[in-house]
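Notes to accompany the following structure.
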Amino acid sequence: MPEQDGRIMGVTRRQALGIGGALGLMAATGLGTSAAMARRPATTGAELRSDLPLPPPFQVPLPIPAVLAPSGTSEGADRYEIVQRETTLEILPGVRTRAWTYGGTFPGPTIEAHRGRPITVTHRNDLPVPTVVHLHGGRTPAASDGYPTDLVLPEGWTEPTMHPGMHTAHGSGMGNMRDPRAVLSRRTRDYTFPLDQRATLLWYHDHRMDFTAPAIWRGLAGLQIVRDDAEKALGLPSGPRELPLMIADRAFTAEGELAYPALDPTLRERPGVLEPYLAGVLGDVILVNGAPWPVHEVDAARYRLRLLNASNARHYELEAVLDDGRRLDLVQIGADQGLLASPVTHRFLPIAPAERYDVVVDFARVPVGGRVRIVNRLGSGRTRDVMAFRVARAVADDSRVPRVLSTDLPEWRRADAVRVREFSFRAGRMDDGHGWLIGGLPFDPARSDVTVGLGDVEVWRMVADVHHPVHLHLVGFRVLSRSGRPPLPHDAGLKDTVSLRPGEAVEIITRFDGYRGRYLFHCHNAEHEDMAMMANLQVV
Ligand SMILES: [Cu+2]
């Protein structure tokens, strides 16, 4: 048994309040492990229903997040400033919705960066709670990687009053008392990113201990693109024919506010969600770049779609469907960590929370005036639609998708590995409550879980009960196998998040290089992450 963890107490507290309980969790999530494996649930999580009329699909124009201008340049590094603040947005037409934002928009502003050119982003926290910024997919020194207890406290933040029976308050600033290594900042923090890594689409989001899921849900997510000259020389679709698409589901209250089943809607002290949502929160509105089921007018030409699933728990299987029922190929050119060696053609593409896929779609096959819907095969009713493209005009297209996209992908072999580790990702018992556990343990910042040598190659074998999209900080990895079989077509390339499916065992291989320090690996179902499904990764 691990030491008495505050999170165990948290679950116990919920039970004491009559909100939790073993039978409830089992019933809500089908989490008798054997039952989960037998049923192979198509999704993990429960859907919140919006309490107001939803707009028809394909009416709202697709927004493109603004590119953030640097506030200055010094010694070859660009400086950026982002203020985290609450604001009111119009997400649904004619409806005002309060959101927590990076710089007043959702998604936050896009940072366009260049491989090997460092940037520093100064974040100022004007929100009512502590925050932490993590650049997902960034190869970042530990001090700027956004460890969940490295809180940026808002001005005037005081520790919440302890409730009777409340032994710790994770994430409320008390977390650092349990974690002597936490580095707290007041109001602002500089995050420095060397960006010595492959060109790709990254995203930055909140990573606060115990409260990541509701913070992202409220709007704390933005894109960061890393470019390099090799990619530029390929002749891929670019400019207005390169579209970042951040897909995220949400739900709304009757008043137009974002609905989320938080136990403590202030997100100040008590973490967790209402029991039916312990396996993950799904919304019934699909947003792309912050707009519901948007539409985008395109030329009859190739487009590069840079897809990110920024949903807390929802999985998608995307396909591009013409009104006459034909499908357009999704030509995958890149994965989480940049370009593939060569393109991989998909009819549909699974995308788990936090994964990115870089895809070229050729609208030249669509008649002018025609429409292409991006559909989620895993959705039903309104959640089946994602967005649409309307082909407006015939054009000349000089873009290309070369047969060779990159030659710098690492090719680690099993024989290179100095160690093979095994981890289970499962619901489990902790004390007299339930949580989401890695290797049977709930996250504890003070515990040492995995220690790797800088430069070591390792194979990790990870086994799941239900869906768990597993993310490693610091490094990219290759997928070696799925339940003893070869990886799937969409596992190609260098990844930083891999979708473990119910009952599956996935092997990955990576080299732990870059920086020494304290990092994390965790499930990127954001609700699982907040309910202890994280572990420490120490690079020495
Ligand atoms: Cu999970």
Side-chain angles (χ1 to χ4, degrees), residues 7 10-11 25-26 28-33 35-37 39-47 134 136 148 205 207 209-217 248-249 261 271-273 275-283 309-316 336 350-355 378 422-430 433-444 449-450 460-473 477 479 482-483 495-506 508 520-537:
R7 197 184 302 261
V11 174
L25 182 64
M26 293 297 189
T29 60
L31 283 182
T33 297
M37 289 202 191
R39 284 199 287 141
R40 303 231 167 207
T43 192
T44 295
E47 188 170 289
H134 171 59
H136 181 118
H205 64 75
H207 213 310
M209 182 79 172
D210 290 347
F211 292 95
T212 292
I216 293 176
W217 188 272
D249 58 343
V273 293
E275 183 188 289
Y277 303 94
L278 291 178
V281 179
L282 311 175
N309 182 358
S311 308
N312 282 18
R314 184 178 289 279
H315 290 242
Y316 303 78
D336 301 330
I351 180 167
E355 282 189 310
L378 303 178
E422 297 208 17
F423 304 95
S424 65
F425 288 75
R426 296 187 192 285
R429 286 191 164 278
M430 313 184 301
H434 279 76
W436 295 99
L437 312 178
I438 300 177
L441 298 175
F443 180 55
D444 180 350
D449 293 310
V450 172
W460 286 16
R461 182 168 184 274
M462 306 184 290
V463 186
D465 55 0
V466 293
H467 292 92
H468 298 293
V470 175
H471 170 48
L472 271 63
H473 287 215
F477 53 79
V479 179
R482 285 185 180 266
S483 292
K495 294 180 60 59
D496 56 47
T497 306
V498 63
S499 178
L500 311 188
R501 300 176 303 177
E504 196 170 44
V506 172
I508 61 170
L520 284 174
F521 63 102
H522 61 88
C523 179
H524 221 295
N525 173 315
E527 281 76 29
H528 296 190
E529 172 180 347
D530 280 351
M531 285 179 271
M533 203 170 238
M534 298 199 285
N536 287 304
L537 169 62

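The analysis underlying the following values was restricted to heavy atoms, covering all of them including side chains, and did not include hydrogens, waters or symmetry mates. Atoms within a ligand are numbered from 1 in the order they appear, just like the ligands themselves.
Taking the Cu ion (ligand 1) as reference, the nearest N/O/S atom within His528 carries the name ND1. The name of the N, O or S atom in His468 nearest to the Cu ion (ligand 1) is ND1.
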For a salt bridge (charged side-chain N to carboxylate O under 4.0 Å, His left out) check, start with the C-alpha distance between Lys495 and Asp336, then their side-chain angles and the critical distance, and finish with the verdict.
CA-CA 5 Å; Lys495 294 180 60 59; Asp336 301 330; 3.3 Å; yes
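Using modelled atom types, one side-chain atom of Asn525 and one backbone atom of Ala279 make a donor-acceptor pair closer than 3.5 Å.
Because the distance cut-off is set at 2.8 Å, His524 fails to qualify as a neighbour of the Cu ion (ligand 1), as none of its N, O or S atoms comes that close.
Ring centroids of His522 and His528 are separated by 6.0 Å or more, keeping the two rings apart.
Atom-to-atom distance recorded for Ile508:CD1 and Leu472:CG is 5.0 Å, nearest 0.5 angstrom.
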